[in-house]
Amino acid sequence: MREGVVVDELPDYVERVLEVAERIPAGRVMSYGDVAEYLGEGGPRQVGRAMALYGGGVPWWRVVRADGVLLAGSELRALEHYREEGTPLRERGGPAARDHVPRLDMRRARWDGG
DNA sequence: AGCTTGACCGACC
DNA sequence: TGGTCGGCCAAGC
């Protein structure tokens, strides 16, 4: 069985990142930096890379930027999940709300990891 | 070995 | 409220 040199297993660090992502409850989020800090290893950028490459199988929309800006390129997909899960958003109230993608209300949506 | 590139962050203005 | 800047750290070239 030595032929199976194919990488059917993800790097250890990536596995841990995905594990944390899966623990985030619906309606809540963690920032990349939060996840890194929670793991006690790596940094926001490492978490970001892990999610970008392998995050497809987990609730990727629950791992977000610390400033609450929605994932570039997937704003609408993410937004649908947020509305469905009731994740706190900062909608823009005024007339200028037209064509404006909301941001997450990080104060309320942030999850500390239990 | 050096430089650029990211699903980033916090401080500052 | 929004933009810049420096720091961050691994990967790629």
Side-chain angles (χ1 to χ4, degrees):
Chain A
M1 318 265 190
R2 205 163 354 180
E3 323 284 334
V5 199
V6 189
V7 186
D8 54 355
E9 203 170 299
L10 299 179
D12 221 34
Y13 179 68
V14 173
E15 295 253 359
R16 284 196 283 269
V17 169
L18 298 184
E19 216 170 297
V20 173
E22 284 177 327
R23 295 192 43 187
I24 304 173
R28 308 299 296 285
V29 301
M30 266 177 110
S31 77
Y32 299 95
D34 289 341
V35 174
E37 188 182 349
Y38 182 83
L39 288 175
E41 73 180 309
R45 311 196 92 121
Q46 280 54 248
V47 173
R49 183 189 333 277
M51 290 302 293
L53 298 176
Y54 310 101
V58 302
W60 52 266
W61 59 93
R62 298 185 191 148
V63 181
V64 303
R65 284 173 50 148
D67 60 8
V69 171
L70 306 201
L71 178 57
S74 306
E75 295 92 346
L76 299 183
R77 252 157 353 207
L79 195 49
E80 290 186 27
H81 285 293
Y82 297 141
R83 295 209 190 286
E84 181 181 312
E85 298 183 357
T87 310
L89 297 169
R90 291 182 25 154
E91 307 275 354
R92 181 157 291 200
R98 229 189 322 288
D99 306 348
H100 189 275
V101 180
R103 288 198 300 168
L104 288 152
D105 182 342
M106 291 307 282
R107 256 214 300 231
R108 291 191 292 160
R110 207 165 191 170
W111 185 61
D112 51 30

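As a basis for the values below, the full set of heavy atoms in this structure was taken, side chains included, without hydrogen atoms, waters or symmetry mates. Chain letters run A, B, ... following the sequence lines, proteins first, then strands; residues in each count from 1.
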Rounded to whole Å, CE of A:Met51 lies from P of B:dC8 at a distance of 12 Å
Ordered by number, residues from residues 60-84 of chain A within less than 4.0 Å of DNA chain B (heavy atoms) are A:Trp60, A:Arg65, A:Ala66, A:Leu71
So CG of A:Leu104 and CZ of A:Arg65: to nearest 0.5 Å the spacing works out to 11.5 Å
CE (A:Met30) and CH2 (A:Trp111) are apart, to the nearest 0.5 Å, by 6.5 Å
message = Can you tell me how the ring of A:Trp61 sits relative to the ring of A:His81, calling it parallel under 30°, perpendicular over 60° and tilted otherwise?
response = parallel
Between CG of A:Leu53 and C1' of C:dG12 the distance, given in whole Å, is 12 Å
Rounded to whole Å, CG of A:Asp105 lies from C1' of C:dT1 at a distance of 15 Å
- Query: Quick check: are there more than 12 heavy atoms from other residues, nucleotides or ligands sitting under 6.0 Å from CD of A:Glu37?
  - Reply: no
At under 4.0 Å between heavy atoms, what does A:Gly33 touch on the DNA or RNA strands: base, sugar-phosphate, or nothing? sugar-phosphate
When rounded to whole Å, the CE to P distance for the pair A:Met106 and B:dC9 reads 8 Å
When rounded to whole Å, the CG to C1' distance for the pair A:Leu104 and B:dA7 reads 14 Å
Problem - Residue-phosphate contact under 4.0 Å: A:Ser31 side-chain N/O, B:dC8 OP1/OP2 - result: no
Distance col, row A:Arg108:CZ vs A:Leu89:CG, nearest 0.5 angstrom, shows 9.0 Å
A:Arg45 atom CZ is separated from C:dG12 atom C1', nearest whole Å, by 15 Å
Quick one: is C:dT1 close enough that its OP1 or OP2 comes under 4.0 Å of any side-chain N or O from A:Arg90?
yes
Rounding to 0.5 Å, atoms CD (A:Glu91) and CG (A:Asp105) come to a distance of 10.5 Å
Checking N1-N3 plus N6-O4 or O6-N4 for Watson-Crick, or N1-O2 and O6-N3 for wobble, each under 3.5 Å, the partner of C:dC9 is B:dG6
A:Gln46 atom CD is separated from B:dA7 atom P, nearest whole Å, by 12 Å
Value for CZ (A:Arg103) from CG (A:Leu70), rounded to nearest 0.5 Å, stands at 9.5 Å
A:Arg49 atom CZ is separated from C:dC9 atom C1', nearest whole Å, by 8 Å
